[in-house]
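Proteins get letters first, then strands, A, B, ... in listed order; numbering begins at 1 in each.
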Amino acid sequence: MSNNETVDRPVNFIRNIINDDLANHKHEQVHTRFPPEPNGYLHIGHAKSICLNFGLAEDYKGLCNLRFDDTNPAKEDMEYVDSIKQDVQWLGFQWAGDICYSSNYFDQFYAYATELIEKGLAYVCFLNSEESREYRGSLKEPGKDSPCRDTSVEENLALFSKMKNGEFKEGECVLRAKIDMASSFMCMRDPTLYRVRFETHHQTGDKWCIYPMYDFAHCISDAIEHITHSLCTLEFQDNRRLYDWVLDHLDDFSKPDRPHQYEFSRLNLEYTVMSKRKLHQLVDDKLVEGWNDPRMPTISGMRRRGYTPASIRDFAERIGISKVDSMTEMGILEAAVRDDLNKVAPRSMAVLDPIKLVIENYESEPEVLMAPIHPQNEEMGKREILFGREVYIDRADFTEVAPNGKFMRLALDKEVRLRNAYVIKGVRAEYDADGNVTTVYCTYDPDTHGKNPADGRKVKGVIHFVEASKAIPAEFRLYDRLFTVENPAKEDDFESVINPESLTIKNGFVEPGLLNSEPEKAYQFEREGYFCRDNQSVDKQIYNRTVALRDTWSAK
RNA sequence: AGGGCUGUAGCCAAGCGGUAAGGCAUCUGGUUUUGAUCCAGUGUACCGCAGGUUCGAAUCCUGCCAGCCCUGCCA
């Protein structure tokens, strides 16, 4: 690659392979693909693969296809193809040309299967699934040949044609590759290439009643699309032998520039699950609101929660690509969002757990004050906030007697600054029957807006507030990890280890300026965290907390 | 004697025979009208273990140990 055109990315073993392939002119242009099966929603693990495949294509000025690996109509649905397209685009990537479907190649797969039969490399097998399993042998013992293994080419051709024409029932027979029943790779013990399924396919309707298996379809799809580097996760390492076998035995593809498969480790994130099966189960069992529940590791859930495409791409870059079976800390993801949001999120003030604060020496009507939208970025401008005799502050920001000299919040007879406004001093507090503070009374120093007290006294603490008369009531949804253990997938019953406090709802107030806040748009509620308006309840004032601010204090 | 992979600081991850990058986390200072940000500093990593080759090994060889994956007509 030419130096000054490329982005400075962390190196990884796949980039090393590509660099070699380009240097040796094995390929002239990089062509990758992201090949999801449309049988569920995309999650952060898919995002890792998307960023890898599309990122490689971008950096090497190559191409990346979006291909739906839709060879099993029984599990697939258009709902999923639509959401997958949306998620890929939302992440900021554009596929090369039209969307591809493995099902586009059904005619070609059929022809290539026929080629294998003609070469004596595939046969129709009538063993049922139990028999087939017995014949396969075990990890330590070789399998034995199917009685159908010696059927003549002519007979096999006729049989396969009958399969295609619907003359066999589901499960009655399959097309198998004739490889080696004693191979140490289980996937090479005469693997199934085609099975009979009387299913309506979301793309091809009822045209077919036989469908190719992944191992047969995937390598050929890659080859048809001229994919150069076929990247997948570690569990397909053994399957690579079959990938190579199929392409090497087909005249169209047994060439040096055919695609090759390379495997990297999938993403494991602490305190969540990543398998589609488990995610499906959470949705089906109504343990979450849906695929787009903000606690889900799905792209749509994270989008609703307030994660940005940039933060997810940055996360993918931070964790890198390797073959190590690893467990990534949530902290890396959180650091990535905070980094992005800190730069772009307008600041605002919201009180999540309000108590009333009355400023006894403030007699006039509420006044308008100007506050920076971003304290480190003047170009973002200023916003109007209200200040008046009655404001809301957070319950956690007041205590009658400061516990120690390091306490930076409001206490009786102690001064603190109301952010973007004046310095106040606690006078007295009122409590309800349960002993909870209801109202705090204070006085303010009118000469402290935008400046420190003239007499030089230092006021260290700053707390946020919302003026009461015009405050907009709002609901705040605070999210915590979905599970209580680092690796819930290891649990016998992962649902038993769900965090009962993964969602906490608070009712408080936001600034009037947020009346028409946009769903999914990030705000920093100062001292509280990053929030965005919920995209599923736009008529209400509901804010999802994306992530709290980094907290180096409360740990004590 | 099944096979395929992987083992570098708490986590992620460079390194590919010349004497251990970087990020996250941690901790310490400084700045600060967010206990945030920002800035500066902060890690004896017996490079899974044990041998061997070499002037020199995380890097090459041998043996061992640990973890993950493979017996769907799923992908």
Side-chain angles (χ1 to χ4, degrees), chain A residues 10-13 16 35-37 39 69 71-72 74-75 125 127-129 132-143 170-176 182-189 191-197 211 213-215 217-218 232-241 263 265 270 276-277 317-336 338-339 342-343 347 349 371-372 374-376 406-409 416-423 448-452 459-464 524-529 548-554:
Chain A
V11 292
N12 58 53
F13 75 98
N16 291 339
E37 184 188 19
N39 66 349
D69 210 346
T71 56
N72 185 4
K75 291 189 172 179
C125 179
L127 253 25
N128 64 35
S129 49
S132 181
R133 197 182 324 121
E134 287 162 20
Y135 274 70
R136 189 154 33 234
S138 71
L139 294 177
K140 297 188 178 178
E141 288 165 14
E170 286 190 13
E172 193 174 351
C173 59
V174 296
L175 182 73
R176 290 227 256 168
S183 174
S184 51
F185 294 100
M186 297 302 287
C187 66
M188 296 298 270
R189 319 248 262 224
T192 300
L193 265 22
Y194 264 95
R195 75 286 213 186
V196 177
R197 286 288 176 277
Y211 291 95
M213 298 289 288
Y214 164 85
D215 285 302
H218 202 94
C232 62
T233 43
L234 254 26
E235 65 273 24
F236 291 101
Q237 286 178 119
D238 285 0
N239 300 245
R240 186 174 69 241
R241 278 72 189 183
E263 311 87 9
S265 51
E270 281 183 347
K276 273 190 195 169
R277 204 199 104 249
E317 200 153 291
R318 291 185 189 205
I319 59 176
I321 296 291
S322 75
K323 303 178 76 147
V324 184
D325 188 25
S326 56
M327 177 66 73
T328 298
E329 290 179 347
M330 273 290 184
I332 299 182
L333 219 206
E334 292 176 347
R338 287 195 188 106
D339 266 18
N342 177 50
K343 279 179 291 192
R347 310 288 121 128
M349 293 194 287
H374 189 123
Q376 278 81 41
K406 290 183 173 179
F407 187 73
M408 308 259 285
R409 306 175 187 188
V416 88
R417 176 177 290 281
L418 286 179
R419 177 136 174 98
N420 296 130
Y422 305 88
V423 169
T448 52
H449 178 231
K451 55 185 175 186
N452 288 321
V459 177
K460 278 201 311 190
V462 179
I463 66 173
H464 58 97
Q524 187 198 91
F525 291 158
E526 291 184 300
R527 301 211 310 130
E528 292 290 358
L549 259 27
R550 185 161 166 269
D551 182 358
T552 52
W553 182 251
S554 70

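- Contact check, A:Ser183 against B:G3: no side-chain N or O comes under 4.0 Å of OP1 or OP2.
- At least one side-chain heavy atom of A:Pro372 sits under 4.5 Å from a side-chain heavy atom of A:Asn420.
- B:C47 and B:A9 are spaced 10 Å apart, taking the C1' atom of each and rounding to whole Å.
- If you check every strand for non-hydrogen atoms under 4.0 Å, A:Lys343 touches nothing.
- Closest approach of A:Glu37 and A:Asp69 over heavy atoms only: CG-O, 3.3 Å.
- In this structure B:G72 sits in the syn conformation; its chi angle is within 90° of 0.
- B:A21 is unpaired under the criterion used here, namely a Watson-Crick or G-U wobble arrangement in which both key atom distances are under 3.5 Å.
- Of all the heavy atoms in A:Met327 and A:Glu270, the pair that sits closest is SD-N, 3.7 Å.
- Rounded to the nearest Å, the gap between the P atom of B:G48 and that of B:G7 is 8 Å.
- Within 4.0 Å (heavy atoms only), A:Arg417 reaches at least one base atom of the nucleic acid.
- Atom CZ of A:Phe13 and atom P of B:G7 are 11 Å apart (whole Å).
- A:Arg527 has its CZ atom 14 Å from the P atom of B:U37, to the nearest Å.
- For the OP1/OP2 pair of B:A13 and a distance below 4.0 Å, the side-chain nitrogens and oxygens of A:Ser322 include at least one atom meeting the criterion.
- Separation of the C1' atoms belonging to B:C55 and B:G17 is 12 Å when rounded to the nearest angstrom.
- Here A:Gly143 lies out of heavy-atom contact (under 4.0 Å) with every strand.
- Residue contacts for A:Ile332: at a heavy-atom cut-off of 4.0 Å it reaches a base atom on one of the strands shown.
- The gap from the C1' atom of B:G43 to that of B:C24 amounts to 14 Å, rounded to the nearest Å.
- Using a 4.0 Å heavy-atom criterion, one finds that A:His449 contacts the bases of the nucleic acid, with or without backbone contacts as well.
- One C1' atom belongs to B:U53, the other to B:U6, and the distance between them is 25 Å to the nearest Å.
- Counting to the nearest Å, the P atom of B:A14 and the CG atom of A:Asn16 are 9 Å from each other.
- The phosphate of B:C5 has OP1 or OP2 within less than 4.0 Å of a side-chain N or O from A:Arg241.
- When the C1' atom of B:A36 is taken as reference, atom CZ of A:Arg409 falls 13 Å away, rounded to whole Å.
- Residues A:Arg189 and A:Ser138 share a closest heavy-atom pair of NH2-O, 2.7 Å.
- Using N1 to N3 plus N6-O4 or O6-N4 for Watson-Crick, or N1-O2 and O6-N3 for G-U wobble, each under 3.5 Å, B:G7 pairs with B:C65.
- Using a 4.0 Å heavy-atom distance criterion, A:Ala421 is classed as a base contact.
- Using a 4.0 Å heavy-atom criterion, one finds that A:Met349 contacts no nucleic acid atom at all.
- Put simply, the side chain of A:Arg241 never gets that close to the backbone of A:Cys187: no donor and acceptor are under 3.5 Å apart.
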Walk along nucleotides 63-75 of chain B from 5' to 3' and tag each nucleotide B, S or - by protein heavy-atom contact under 4.0 Å, base first, then sugar-phosphate.
-----SSBBSBSB

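- Across the interface with RNA chain B, nearest-nucleotide mapping of A:Gln524 and A:Pro10 shows A:Pro10 to be the residue nearer the 5′ end.
- Comparing the P positions of B:C68 and B:C60 gives an interatomic distance of 25 Å, to the nearest angstrom.
- No engagement by A:Arg189 is indicated, since no non-hydrogen atom pair under 4.0 Å with the nucleic acid exists.
- Between atom NE2 of residue A:His449 and atom CZ of residue A:Arg417 there is a gap of 8.0 Å, rounded to the nearest 0.5 Å.
- Between the C1' atoms of B:U44 and B:C39, the separation comes to 27 Å (whole Å).
- Between A:Arg550 and B:U26, a side-chain N or O to OP1/OP2 separation shorter than 4.0 Å is present.
- Pairing for B:C60 goes to B:G52, judged as Watson-Crick or G-U wobble with the two contacts each under 3.5 Å.
- The shortest heavy-atom contact between A:Arg195 and A:Thr71 is NH1-O, 3.5 Å.
- Spacing of C1' atoms, B:A66 relative to B:A50, comes out at 15 Å, to the nearest Å.
- Annotation: of the two residues near RNA chain B, A:Ile463 and A:Ala335, the 5′-most nearest-nucleotide partner is A:Ala335.
- Distance A:Trp553 CH2 to B:U37 P: 15 Å, rounded to the nearest Å.
- The nearest whole Å value for the distance from the NE2 atom in A:His464 to the C1' atom in B:U32 is 17 Å.
- Within the 4.0 angstrom heavy-atom criterion, no nucleotide atom of any strand lies near A:Lys460.
- Across all strands shown, B:A75 has no partner, as no Watson-Crick or G-U wobble contact with both distances under 3.5 Å is found.
- Within the 4.5 Å cutoff, side-chain heavy atoms of A:Leu418 are placed close to those of A:Ile463.
- For A:Thr448 (side chain) and A:Val423 (main-chain N/O), a donor-acceptor pair under 3.5 Å exists by modelled atom type.
- Under a 3.5 Å cut-off, the side chain of A:Thr233 and the backbone N or O of A:Glu235 do not form any donor-acceptor pair.
- Here the P atom of nucleotide B:C16 and the CG atom of A:Asn12 are 15 Å apart, to the nearest Å.
- Residue-level contact check: A:Glu317 touches neither bases nor backbone, having no heavy atom under 4.0 Å from any strand.
- Shown here, B:U44 forms no base pair; nothing in the strands shown gives a Watson-Crick or G-U wobble contact with both key distances under 3.5 Å.
- A:Glu329 has its CD atom 16 Å from the P atom of B:G23, to the nearest Å.
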